[in-house]
There are 2 protein chains.
Amino acid sequence: MDIMGHVRHEIFTHAVGKGVLVDMTASDTYDTVMEFIDQGYHIVLANKRPLTASFPRYQAMLDRARAKGVALMHEATVGAGLPVLDTIAKLQASGDKIYTVLGCLSGTLGYISNELSQGTLFSNAVAQAWRQGYTEPHPADDLSGMDVARKALILARKLGMNINLEDIDVNPLFPAEIYCENPQDFLDRLKQLDSSFAALVQDAAQQGNVIRYVARIDSEKVSVGQEFVPVNSPLGRLQGTDNQIVIRTKRYDTNPLIVTGPGAGAEVTAAGVINDVIAIAVSHFGN
Amino acid sequence: MDIMGHVRHEIFTHAVGKGVLVDMTASDTYDTVMEFIDQGYHIVLANKRPLTASFPRYQAMLDRARAKGVALMHEATVGAGLPVLDTIAKLQASGDKIYTVLGCLSGTLGYISNELSQGTLFSNAVAQAWRQGYTEPHPADDLSGMDVARKALILARKLGMNINLEDIDVNPLFPAEIYCENPQDFLDRLKQLDSSFAALVQDAAQQGNVIRYVARIDSEKVSVGQEFVPVNSPLGRLQGTDNQIVIRTKRYDTNPLIVTGPGAGAEVTAAGVINDVIAIAVSHFGN
């Protein structure tokens, strides 16, 4: 352990020059991140919280990092190890113009959407996801759409939008009055929604659609919520707990650029973080 | 034009240090590339030819580039602007183990596969693709599978395989005796294959499959040819002229990492090249 710590320190001081702060928490670490930037550390975040602070605070963080000449990277915050933010950065760097980004960015809500399409009752689909450990400890934290909204905010800001979490049109999968603190009781209460979800799924199917929980970012507006999408569209063909991001640009217009795959889990999140650290090592030391 | 040339020269000498040779030809430029490496130029290839030379020559090129401290990049050679080689490099850099790479790497053959599934006769599907400019001037150059085989070779070598083009099991879409130099006559002769293709498509459909022209790379073997794939698999759901690459790794095993989108065309090829040039500028100059 000591040896590893020593090796790691050597790598950082030789290959990166400064240190790298890697934030794998889910806490409000904004002030800590700012302190480390001031001390000349590069920043790699798997934690969305510092990036979803109010826009002035977000901008101040970017400005501070630029002023100190340190990198601020966070590939793992959207889609874990999938090449999402990096692909957007490359499209921008090569002069493409991004029109819209659509994402299914929650494996949990993807699983529930697919179960609904197969005729599972909404409350049963959520209970299954909860029992299999796909949800947060309290399933309301997934169904609220707030986790997807935070990812959408991160994407929107990457696209240059000056917006805040409150500006996003977030449509949760349950009405506020149904909420209660006990997860098991909450799951019971969701049964009230079963018939309306079943009707919605049937309605969608009659039009050749399926329902998906979509983050939709265009130059005007960011929304997060359930949408009808054609069963034969990329998002409609998505299966299981996979994430998907569909990017339409000036160059990828008729047919978009699509990245699909598992977007959560310890290993693929760690991979996203490691790739950021390597990119910092390469760009600040050369290869 | 003079001013642009001057600006471009300035960018290269200031930001990159050395020059960058960008090869957008389809010629055998191996010797030229070696000369530029010797002179200290970084190399960016959209041209597959130098990368599909015999393995000893390929390895000599990599060794020479390493010895001279110059980059040798070629994202545009597989999937044009799609993040294919870069994604593979990142999986490798973060310590993942790549099991298999499957690809539909020809928009032309993708188009023909989809037309076949919709009941179009093989010779008509090829003639349509030819008339719409999706094929090479002589459609045999697409149907031979050699272009896909070259991309498969590039991928296989990236995965560390010591192989040559001759080692790839290439299955062309027509028997050699049908070939003739005149494209129109060749299209006529393809009618001889219509009934066997129609039978194949029907056979596939009865098993819930569709046919796709697949490049398949695993640790043992590289093959290129028509395969039956489940209609509900990623490759089976592919539509139109899109390319797709399906990567299974230790971390992305049950559900693979998939990149989909247009994989040919001047603009997206140029984007792949530009991103390589930018990566060189960043890694050899810092950001």
Side-chain angles (χ1 to χ4, degrees), chain A residues 17 69 71 75 80-84 86-87 89-91 93-96 107 232-234 236-244 246-247 249-263 265-268 270-287, chain B residues 17 69 71 75 80-84 86-87 89-91 93-96 107 232-234 236-244 246-247 249-263 265-268 270-287:
Chain A
E75 181 64 85
L82 298 176
V84 174
D86 188 53
T87 298
K90 286 188 162 180
L91 291 169
S94 69
D96 206 348
N232 271 326
S233 64
R237 291 193 294 269
L238 192 61
Q239 298 184 326
T241 57
D242 272 354
N243 281 19
Q244 185 171 73
V246 179
I247 308 171
T249 73
K250 188 155 186 282
R251 295 186 197 127
Y252 296 99
D253 190 6
T254 317
N255 293 3
L257 192 167
I258 308 170
V259 177
T260 313
E267 288 206 326
V268 291
V273 166
I274 288 169
N275 281 323
D276 281 349
V277 173
I278 292 170
I280 290 169
V282 169
S283 68
H284 290 264
F285 177 74
N287 59 6
Chain B
E75 181 64 85
L82 298 176
V84 174
D86 188 53
T87 298
K90 285 191 161 178
L91 291 168
S94 68
D96 206 348
N232 271 326
S233 63
R237 291 192 294 269
L238 192 60
Q239 297 184 325
T241 57
D242 273 354
N243 280 20
Q244 184 172 74
V246 179
I247 308 171
T249 73
K250 190 156 185 283
R251 295 185 196 127
Y252 295 98
D253 190 7
T254 317
N255 292 5
L257 191 168
I258 308 169
V259 177
T260 313
E267 288 206 326
V268 292
V273 167
I274 288 169
N275 281 322
D276 281 349
V277 173
I278 292 169
I280 290 169
V282 169
S283 68
H284 289 263
F285 177 75
N287 60 5

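In what follows, chains are A, B, ... by sequence order, proteins preceding strands, each numbered from 1.
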- Task: Examine whether an atom of Ile258(B) lies under 4.5 Å from a heavy atom of chain A, and if so say whether it belongs to the side chain, the backbone or both; otherwise answer neither.
- Result: both
- Distance, nearest 0.5 Å, that separates CG of Asp242(B) from OH of Tyr252(A): 10.0 Å
- Message: Which residues pass the side chain to side chain donor-acceptor pair (under 3.5 Å) test with Thr249(A), not counting sequence neighbours?
- Response: Asp96(A)
- Task: Give the member of Gly261(B), Gly272(B), Ala271(B) that has the highest number of heavy-atom pairs under 4.5 Å with chain A.
- Result: Ala271(B)
- What residues, two or more places apart in sequence or in another chain, satisfy side chain to side chain contact (heavy atoms under 4.5 Å, CB included) together with Ala93(B)? Asn275(A), Ile278(A)
- Message: Is it the case that over 12 heavy atoms from other parts of the model lie below 6.0 angstrom from the CD atom of Glu267(B)?
- Response: no
- Message: Shorter than 4.5 Å, heavy atoms on both sides: which option in Leu257(B), Val273(B), Thr260(B) has the most such pairs with chain A?
- Response: Thr260(B)
- Once you round to the nearest 0.5 Å, how far does CG of Leu82(B) lie from NZ of Lys90(A)? 11.5 Å
- Distance in Å, Asn232(A) CG paired with Arg237(B) CZ, rounded so as to fall on 0.5 Å steps: 10.5 Å
- Message: With a 4.5 angstrom heavy-atom cut-off, is it the side chain or the backbone of Asp86(B) that approaches chain A, or both, or neither?
- Response: side chain
- Message: I'd like to know which of Val268(B), Val259(B), Thr254(B) tops the heavy-atom pair count under 4.5 Å against chain A.
- Response: Val268(B)
- Message: Can you tell me which portion of Pro262(B) sits under 4.5 Å from chain A's heavy atoms? Options are side chain, backbone, both or neither.
- Response: both
- Message: Taking side chain as everything from C-beta outward and backbone as N, CA, C, O, which of these in Gln244(B) sits under 4.5 Å from a heavy atom of chain A? Side chain, backbone, both or neither.
- Response: neither
- Message: So which residue, Pro234(A), Ala270(A), Gly240(A), Ser94(A), ends up with the most heavy-atom pairs under 4.5 Å with chain B?
- Response: Ser94(A)
